[in-house]
**Student:** 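Dropping the structure in here first, questions after.
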Amino acid sequence: MKSRILFSAALFLLLACGPVSKTTQQDPVDYVNTLTGTLSKFELSTGNTYPAVAVPWGAHFWTPQTGLNGDGWTYRYDANHIRGLKQTHQPSPWINDYGAWSLMPLTRPVYEEKARASWFSHKAETATPYYYSVYLADYDIIAELTPASHAAAVRIAYPQDDPAYLVVDAYAGGQVSLKDANTLVGCSVQNHGGVTENFRNWFVVTSDTPFTLCPAADGIALVQFDRSQTVNLKVASSFISEEQALLNLQELQGDFDAVKTAARADWNATLGRVEVEDDNLDHLRTFYSCLYRSVLFPRDLSEVNAAGERVHYSPHNGKVEKGHFFTDTGFWDTFRSLFPLMNLLYPEKSAQVQEGLVNDYLESGFLPEWASPGHRGCMVGNNSASVVADAYLSGIRGYDVEILWEAVTHDAHAVMDGVSSTGRLGWQYYDSLGYVPCDVGISENAARTLEYAYDDWCIWQLGKALGRPDEELAPYLKAARNYAHLYDPEYRLMNGKSLAGEFRRPFSPLKWGGDFTEGNSLHYTWSVFHDVEGLIGLMGGDEAFASQLDTVFAMAPKYDDSYYGFPIHEITEMTVMGMGNYAHGNQPIQHMLYLYDWCGQPWKAQARIREVMEKFYTPWADGYCGDEDNGQTSAWYVFSALGFYPVCPASGQYALGTPLFKKAVLHLPGGDVTIDAPDNGADACYVSSLTLNGRKWDRNYLLQKDLQKGASLRFGMSAEPSYTRGTAAEARPYSLSNE
Ligand code: CA
């Protein structure tokens with residue numbers, strides 16, 4: 001009882017003093033709201049996130065669990081009950097979880113998920129990246145958790161007058177057993193595919209207070225502690241073995257508060273790579289909440305064994321293999337800006353990710369496209385080529401790039417047995433015709449073609465950098481122009497094309513799905529990342545191109561959902577935003593605003609980008625305008641708020657937008673990048689001038705190599721558009737057609 005009173009008093013003092021100290025000194029992690037995006041449901045996503053408690057790129061995440069296990073919406077902001085503190089590896093509700101298990105403290109001997117749930121309030125909840133605590137009202141218990149990568153410390157304050165129980169739930173098919181009076185061991189087998197038969201998430205729960213086992217159901221341990229007091233648990237997990245899980249406990253150095261201090265420091269070091277200044281507190285909150293989401297995935301599944309070697313369970317072959325292994329990301333989403341952000345801000349992590357991709361290829365014969373934890377059938381494209389090429393061209397080294405060259409050239413002409421989104425579905429058609437036809441039983445064929453063409457350009461870029469011979473590269477250069485096959489001049493849009501070479505008729509530019517992926521032709525026509533100038537040429541020049549861009553915003557948010565039979569959530573997210581057919585809630589169109597940079601109208605890009613930053617992103621529970629998607633939609637904001645965006649990963653350029661802050665500093669390994677915009681403000685979104693290292697910079701792009709060695713950028717900002725800056729032909733960003 002005494003410790004509980006002291007703890008409560010300390011908590012009160014902390015709360016009472018908190019606001020005063022916070023106004024004087026905030027660290028980056030203090031601006032993060034982990035609940036952003038959690039007010040989501042099947043019909044409408046405002047992020048489809050959960051409040052991940054983890055270290056950056058951690059192997060295991062934790063989340064309070066409001067839904068029943070198996071419900072993809074594992075934590076909903078509008079829920080009233082918590083059923084446990086759950087270890088989760090879920091990348092998205094649409095992919096669901098694997099290896100999950102949970103802890104639930106209580107004062108009654110109940111254990112089943114529904115029976116054990118407790119009322120809670122966000123007002124008695126503290127959710128941060130490095131620490132979570134909640135008051136479980138039904139039991140008068142305060143539960144706290146703080147993470148390491150493979151382990152976590154848990155502190156439970158039980159009321160003195162009631163018995164103290166703990167449920168450890170390994171879920172269906174799992175096991176939990178008593179190892180000794182202070183230790184439980186078990187494993188979870190829960191998964192939704194992408195694992196081998198022998199898949200197990202082994203775990204260990206150790207307590208500073210002895211306990212005894214009470215009767216419960218299979219896969220659940222219910223224990224009662226000897227005394228009702230504050231109980232400290234240390235828990236750890238391993239995908240390799242129970243012994244390795246016990247070894248992973250060593251990540252927890254010191255007591256609960258020491259683990260918490262270490263996790264907080266880890267977050268501040270990671271988020272602190274970017275410092276931003278603004279008099280709008282919500283901008284800071286949104287920025288760091290987005291940066292937090294940008295460094296969670298892909299998770300590093302690897303572990304350090306007793307011999308000190310880095311090893312991993314391979315979901316491809318079921319063996320323990322050497323080296324790093326990253327997973328829980330869909331490249332269809334994240335090639336766009338998540339990996340380019342990592343290559344700029346966290347190049348040392350990128351090197352590990354590329355080593356992991358080498359391991360993927362060696363263990364499975366393919367690079368992943370959607371990984372969780374092994375290959376999963378989801379989405380389209382062959383965008384691993386972009387992830388590989390952008391890293392190498394960004395100067396990332398320290399891994400076997402020759403194996404990755406073999407991998408990208410292999411995957412371009414193959415498709416994985418049983419996983420049609422790994423490799424290239426329809427590659428035989430694509431290689432012979434230059435496109436995947438719309439009448440050969442392959443859905444989303446136009447989307448596939450457009451992405452394969454960009455991926456071919458990526459392979460060509462990588463091959464050049466590796467000094468591959470011209471005759472080997474020529475087919476990829478030729479294929480990089482394959483997007484032109486699908487340009488339908490009658491509509492000035494991309495369209496599906498038959499085996500016989502006829503465009504789809506009747507053609508509905510508003511039709512979602514079918515020949516496209518989770519979008520329509522208005523969203524996908526712009527997927528010519530590497531040759532915008534070529535697309536402008538097809539459309540008949542700058543004016544026609546700009547007018548097509550304008551049309552997307554000017555039209556009503558009409559849609560054709562006949563392919564799905566109902567408005568999928570991405571459709572609804574478009575309709576409610578009041579920005580016409582612009583669908584920022586899904587990935588295909590997220591680079592489109594920047595394309596005004598290519599047609600001499602950069603001020604339109606600046607106005608729209610600022611509008612999206614201000615309107616579609618907040619730091620609150622409904623803070624996103626669609627699925628956050630493993631850092632992609634967040635990384636869009638991080639880049640855009642800094643004033644530039646990687647429209648074409650692997651080009652070495654960032655297209656210019658409009659910086660959000662008066663000042664930002666990027667701490668890069670090669671030197672600091674300082675971004676000053678002293679005249680910035682809510683009504684000054686237009687770039688009137690720019691200097692790079694003190695000299696006038698009139699381009700509509702920044703060179704990655706200029707930033708990587710440290711740079712000073714100074715933006716002049718204005719409430720009036722500049723119709724002259726960045727409009728010259730030589731100001732335009734990269735296009736293949738201009739090579
Ligand atoms: Ca999406």
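When a ligand or atom number is given, it counts from 1 through the structure's own listing order. Keep in mind that the numbers below use all heavy atoms, side chains included, and drop hydrogens, waters and symmetry copies. This is a predicted model, so every value here is computed, not measured.
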**Student:** Cation-pi between R608 and F553: NZ/CZ under 6.0 Å from ring centre and within 45° of the ring axis?
**Tutor:** yes
**Student:** Side chains of Y637 and S294: is there a donor and an acceptor less than 3.5 Å apart?
**Tutor:** no
**Student:** The Ca ion (ligand 1) to Q632: any N/O/S contact under 3.0 Å?
**Tutor:**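 Not a single backbone or side-chain N, O or S atom of Q632 is under 3.0 Å from the Ca ion (ligand 1).
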**Student:** Got an N, O or S from D333 under 3.0 Å of the Ca ion (ligand 1)?
**Tutor:** no
**Student:** If you take all heavy atoms of D333 and W370, which pair is closest and at what distance?
**Tutor:**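 Closest pair (atom of D333, atom of W370, distance): OD2-NE1, 4.0 Å.
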**Student:** When you measure from the Ca ion (ligand 1) to the N, O or S atoms of T633, does any of those distances fall below 3.0 Å?
**Tutor:**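 Within the cut-off used here (under 3.0 Å), T633 places no N, O or S atom near the Ca ion (ligand 1).
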**Student:** Taking the inter-plane angle between the rings of H60 and H89 on a 0 to 90° scale, is it parallel (under 30°), tilted (30 to 60°) or perpendicular (over 60°)?
**Tutor:**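 Judged by the thresholds at 30° and 60°, the geometry between H60 and H89 is perpendicular.
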**Student:** Can you name the N/O/S atom of D629 that is nearest the Ca ion (ligand 1)?
**Tutor:** OD2
